[in-house]
Amino acid sequence: MTIERTLSIVKPDAVAKNVIGKIYDRFESAGLKVVAAKMKQLSRAEAEGFYAVHAARPFFNDLVNFMISGPVMIQALEGEGAILKNRDLMGATNPKEAAVGTIRADFADSIDANAVHGSDSAENAAIEIAYFFASSEVYSR
Ligand code: RTP
Ligand code: MG
């Protein structure tokens, strides 16, 4: 395994539920380190740009409206196999299908309000980290 970085977002539903710390505990307990972090209210343009790959999908408007419905907590996570490890911790996109003990099974309410985002590939992780953080804001450790 190699040390990777991935982009994680605690979405507005989980921020509103006051479970940022509980979600961070999942990352840290699994050996992932928070190497960059910021809370941010995304603009519509920022959310549309972030999810541009989904622009043609029928759920795009709902997704963007949800992502700007309140502040999000954005972090870069670093560790062995961080991209897949974070996806495993998150669980399936639809919380009804998410495995027991995953973040989405425990904290998500619906396929829209599904608590967390995580990069799905090394290529997208690099793009997504650069979307929100200057390299000087990422503290590899
Ligand atoms: P994310 O990008 O947020 O980490 O989620 P994901 O990889 O598990 O799912 P993805 O396919 O990338 O979809 C992005 C977000 O769009 C919403 N979605 N809705 N109604 C639907 O069929 C549907 N499919 C996806 C979800 O909120 C998902 O997190
Ligand atoms: Mg995705």
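Residues V64 and F50 are not in side-chain contact: their nearest non-hydrogen atoms beyond the backbone lie 4.5 Å or more apart. Taking the side chain as every heavy atom from C-beta outward, E28 and K33 never approach each other to under 4.5 Å. With contacts defined as side-chain heavy-atom distances shorter than 4.5 Å, the pair F59/I111 does not qualify. Residues T102 and D106 are not in side-chain contact: their nearest non-hydrogen atoms beyond the backbone lie 4.5 Å or more apart. Considering only heavy atoms from C-beta on, H117 stays 4.5 Å or farther from S8 through its side chain. Within the 4.5 Å cutoff, no side-chain heavy atoms of Q75 are placed close to those of K38. Using a 4.5 Å cut-off on side-chain heavy atoms (C-beta onward), V138 and I129 make contact.
For F60, the ring pair (Phe, Tyr, Trp, His ring centres under 6.0 Å) test picks out no residue, with sequence neighbours left out. Contacts of F66 classified as ring pair (Phe, Tyr, Trp, His ring centres under 6.0 Å), with partners at least two apart in sequence or in another chain: none.
The one candidate from E78, E80, E128 that meets the salt bridge (Lys or Arg N to Asp or Glu O under 4.0 Å) condition with R5 is E78.
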>> Working note: R104 + N94, criterion side chain to side chain donor-acceptor pair (under 3.5 Å); need CA distance, chi angles, decisive distance, verdict.
In response: CA-CA 8 Å; R104 282 169 166 164; N94 185 345; over 6 Å; no

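Grouping Ile, Leu, Val, Met, Phe, Trp and Tyr by side-chain contacts under 4.5 Å, direct or through others, puts V10 with V15, V19, I20, I23, Y24, F27, L32, V34, M39, M73, L77, L89, M90, I103, F107, V116.
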